[in-house]
*Asks:* 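One structure is given below, represented as structure tokens, and several questions about it will come after.
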Amino acid sequence: MFVIAGVTGNTGAVVADTLLAAKAPVRVIVRDAAKGAAWRAKGAEVAIADLADVPALTAALRGAQGAYLLVPPRPTAAEPLADNRAVAAALAAAVAAARVPHVVLLSSIAAHQPDGTGPIVSVHVAEKLLAEVTQLTAVRAAYFMENWAGALGMLAQGALPTFIPRGLVIPMVATKDIGKTAAAALLEGPRGDARIELAGPRDYSADDVAAALTKLTGRPVAAADAPLDAVVPTFTSFGLSPAFAGLFREMYAGLISGRVVWQGGAARAIRGQVDIADVLGPIVAGR
Ligand SMILES: NC(=O)c1ccc[n+]([C@@H]2O[C@H](COP(=O)([O-])OP(=O)(O)OC[C@H]3O[C@@H](n4cnc5c(N)ncnc54)[C@H](OP(=O)(O)O)[C@@H]3O)[C@@H](O)[C@H]2O)c1
């Protein structure tokens with residue numbers, strides 16, 4: 001039995017669908033029973049649990065040969081890192097109690113850094129806690145291609161504001177590739193404590209993203225550098241908490257300074273198949 005968290009989100013849905021397509025036994029974790037119905041119809045078992053609720057999560061994980069777990073974002077939290085630390089501790093406690101032999105964790109580029117990476121600190125903590133209680137495969141994902149959906153507000157004016165300076169080439173990955181890679185890691189089983197560094201088919205700059213948008217819209221789109229000081233006001237204007245916005249400022253600063261990079265070493269580097277245009281196409285078409 002494979003137990004999958006986050007199935008109403010980007011990556012968990014792909015993990016569960018990929019495993020179901022491979023005829024593997026799947027149990028999904030949802031917080032809201034109504035959201036489980038679609039999964040039951042697809043042939044999955046459904047467990048109801050909040051990832052911070054150790055008894056419910058332990059029950060949901062019982063009998064699992066492998067589990068896909070994540071530390072969900074807390075966009076409106078006053079103290080997102082503290083909340084995420086509590087979730088990470090709950091994940092580890094439940095995995096230990098249910099004796100799950102293998103966990104595939106959605107982690108991030110730069111998860112080896114203990115600080116100075118903004119929200120990535122949460123998966124640094126989760127990796128540490130889980131590695132103490134199970135065999136961990138950390139899928140360290142690059143910057144999500146889907147993040148660009150939040151920067152398309154000025155597309156009609158031909159502008160793509162970016163906190164990643166225009167010429168800076170960084171790894172990016174589609175959530176579909178993350179889900180497929182995580183499902184493959186679950187089916188493959190534990191390989192000791194393992195790290196996968198997962199990027200898309202190539203690395204991209206904001207100029208590359210603007211070029212993809214130019215092709216998709218048929219009108220010129222140009223990336224425009226936005227200063228780091230604009231991160232917090234921009235994110236809070238979208239309704240995110242000042243603390244969460246501050247973490248993102250730190251992450252963008254880390255991308256610029258070179259702190260948010262791959263660890264390398266013994267990690268398995270994998271390149272996915274989904275290109276930035278494949279991700280942005282449906283987003284642009286749906287606007
Ligand atoms: N964005 C990036 O560039 C990036 C890069 C590397 C790694 N990451 C990691 O990716 C994560 C997001 O992954 P994603 O995009 O697949 O997720 P997502 O689409 O943001 O969805 C979050 C999922 O978690 C569930 N969830 C939230 N809080 C929960 C709780 N307390 N208990 C149980 N389930 C809960 C949600 O279910 P409901 O329907 O109940 O809300 C939803 O299914 C981030 O948190 C970060 O750790 C992000």
Side-chain angles (χ1 to χ4, degrees), residues 3-18 28-39 46-57 60-61 67-77 80-81 83-91 94 104-113 117-127 130 138-151 163-164 170-183 195-200 204 209 235 240 244 247-248 251-252 254-255 260-262 272 276 279:
V3 178
I4 315 300
V7 290
T8 58
N10 295 310
T11 60
V14 180
V15 180
D17 276 332
T18 305
V28 300
I29 300 176
V30 291
R31 290 192 283 186
D32 172 358
K35 292 186 179 174
W39 290 100
V46 176
I48 316 289
D50 190 292
L51 295 180
D53 178 342
V54 176
L57 187 56
L61 289 170
Y68 175 73
L69 300 176
L70 73 169
V71 183
R74 325 272 304 193
T76 56
L81 285 187
D83 290 354
N84 281 344
R85 196 175 290 267
V87 167
L91 296 179
V104 174
L105 174 74
L106 173 53
S107 183
S108 173
I109 184 171
H112 60 293
Q113 310 278 27
T117 59
I120 299 168
V121 170
S122 295
V123 285
H124 171 81
V125 172
E127 280 195 17
L130 283 164
V139 176
R140 291 188 176 171
Y143 188 81
F144 286 8
M145 293 178 182
E146 284 80 358
N147 294 345
W148 290 100
F163 295 120
I164 300 166
I170 65 162
M172 301 181 197
V173 69
T175 53
K176 190 170 175 192
D177 274 330
I178 298 172
K180 291 201 161 186
T181 302
R195 280 182 278 122
I196 293 172
E197 295 185 338
L198 180 62
Y204 305 88
V209 177
F235 278 47
L240 309 183
F244 192 80
L247 290 175
F248 275 81
M251 185 192 76
Y252 285 116
L255 280 164
V260 175
V261 288
W262 300 123
I276 189 79
V279 170

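In listed order, ligands and their atoms are each counted from 1. All values below come from the heavy atoms of this structure, side chains included, with hydrogens, waters and symmetry mates left out.
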*Asks:* Give a yes or no answer on whether the side chain of E146 reaches the backbone of T175 with a donor-acceptor pair at less than 3.5 Å.
*Replies:* yes
*Asks:* Does A52 reach ligand 1, in the sense of a heavy atom lying below 4.0 Å from it?
*Replies:*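 It does not, in that no heavy atom of A52 comes within the 4.0 Å cut-off of ligand 1.
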*Asks:* If you measure from each heavy atom of A142 to ligand 1, is any distance below 4.0 Å?
*Replies:*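 It does; at least one heavy atom falls under 4.0 Å.
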*Asks:* So, for A49 and A60, which heavy atoms are closest and what is the spacing to 0.1 Å?
*Replies:* CB-CB, 4.4 Å
*Asks:* Quick one: do N84 and V125 satisfy side-chain contact (heavy atoms from CB on, under 4.5 Å)? Show the steps, please.
*Replies:* CA-CA 9 Å; N84 281 344; V125 172; over 6 Å; no
*Asks:* List the steps, then state whether side-chain contact (heavy atoms from CB on, under 4.5 Å) holds for E127 with R140.
*Replies:* CA-CA 10 Å; E127 280 195 17; R140 291 188 176 171; 2.7 Å; yes
*Asks:* Heavy-atom contacts with A141 under 4.0 Å: which atoms of ligand 1 show up? List them by number with element.
*Replies:*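 Counting atoms of ligand 1 from 1, those under 4.0 Å from A141 are 6 (C).
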*Asks:* Quick one: nearest non-hydrogen protein atom to atom 21 (O) of ligand 1, plus distance?
*Replies:*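 The closest one turns out to be G9 CA, 3.5 Å.
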*Asks:* With atoms numbered from 1 as shown, which atoms in ligand 1 lie under 4.0 angstrom from a non-hydrogen atom of G6?
*Replies:* 23 (C), 24 (O), 43 (O)
*Asks:* Are any of the N/O atoms in R31 less than 3.5 Å from those in ligand 1?
*Replies:*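 There is such a contact, yes.
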*Asks:* Hey, which atoms in ligand 1 end up nearer than 4.0 Å to a heavy atom of K35?
*Replies:*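 Counting from 1, the qualifying ligand atoms are 38 (P), 39 (O).
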*Asks:* Find all atoms of ligand 1 within a distance of less than 4.0 Å from any non-hydrogen atom belonging to T11, and give their numbers and elements.
*Replies:* 14 (P), 16 (O)
*Asks:* May I ask you to identify the nearest protein heavy atom to atom 26 (N) of ligand 1, giving residue, atom name and distance to one decimal place in Å?
*Replies:* P72 CG, 3.7 Å
*Asks:* Evaluate L51 for polar contact with ligand 1, using N/O atom pairs at a separation under 3.5 Å.
*Replies:* yes
*Asks:* Heavy atoms only: which of N10, N147, T8 lies closest to atom 37 (O) of ligand 1?
*Replies:*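 Closest candidate by heavy-atom distance is T8.
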*Asks:* Backbone or side chain, does any N or O of A49 fall under 3.5 Å from an N or O of ligand 1?
*Replies:* no
*Asks:* Would D50 count as being in polar contact with ligand 1, using the rule that some N or O on each side must be under 3.5 angstrom apart?
*Replies:*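 There is such a contact, yes.
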*Asks:* Of all heavy-atom pairs between A67 and L61, which one has the smallest distance, and what is that distance?
*Replies:* CB-CD2, 3.8 Å
*Asks:* Check whether any N or O atom of R74, backbone or side chain, sits under 3.5 Å from an N or O atom of ligand 1, and answer yes or no.
*Replies:* no
*Asks:* Rounded to the nearest 0.5 Å, what's the gap from OG1 on T181 to CG on L198? Could you check?
*Replies:* 4.5 Å
*Asks:* Mind checking whether S107 has a heavy atom under 4.0 Å from ligand 1?
*Replies:* yes
*Asks:* Using the side chain to side chain donor-acceptor pair (under 3.5 Å) criterion, which residues pair with R74? Sequence neighbours excluded.
*Replies:*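 Expected list: none.
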*Asks:* Provide the closest heavy-atom pair for I109 versus P171 in the form atom of the first, atom of the second, distance.
*Replies:* CD1-CG, 3.7 Å
*Asks:* Specify the closest pair of heavy atoms between A142 and W262, including all atoms of both residues, with the distance to one decimal.
*Replies:* N-CH2, 3.7 Å
*Asks:* Mind listing the closest non-hydrogen atom pair of I4 and G12 along with its distance?
*Replies:* CG2-O, 3.7 Å
*Asks:* So do the side chains of Y252 and I164 get within less than 4.5 Å of each other, counting heavy atoms only?
*Replies:*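 Yes, at least one pair of side-chain atoms sits under 4.5 Å.
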*Asks:* Assess L106 for proximity to ligand 1: is some non-hydrogen atom of it under 4.0 Å away?
*Replies:*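 The answer is yes: ligand 1 sits under 4.0 Å from a heavy atom of L106.
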*Asks:* What are the atoms of ligand 1, with element, lying closer than 4.0 Å to any heavy atom of Y143?
*Replies:* 3 (O)
*Asks:* Is P73 in polar range of ligand 1, meaning some N or O pair under 3.5 Å apart?
*Replies:*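 Between P73 and ligand 1, an N or O pair is found under 3.5 Å apart.
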*Asks:* Do you know the tightest heavy-atom contact between V71 and A126?
*Replies:* CG2-CB, 3.7 Å
*Asks:* Which of the listed options, V15, V71, L91, I48, holds the heavy atom that is closest to atom 45 (O) of ligand 1?
*Replies:*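 Among V15, V71, L91, I48, the closest heavy atom to atom 45 (O) of ligand 1 comes from V71.
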*Asks:* Between ligand 1 and F144, is the shortest N or O to N or O distance under 3.5 Å?
*Replies:*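 N/O-N/O distance below 3.5 Å exists for this pair.
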*Asks:* Do any heavy atoms of L70 fall under 4.0 Å from ligand 1?
*Replies:* yes
*Asks:* As an exercise, state the distance from OG1 of T11 to CG of L106, rounded to the nearest 0.5 Å.
*Replies:* 5.0 Å
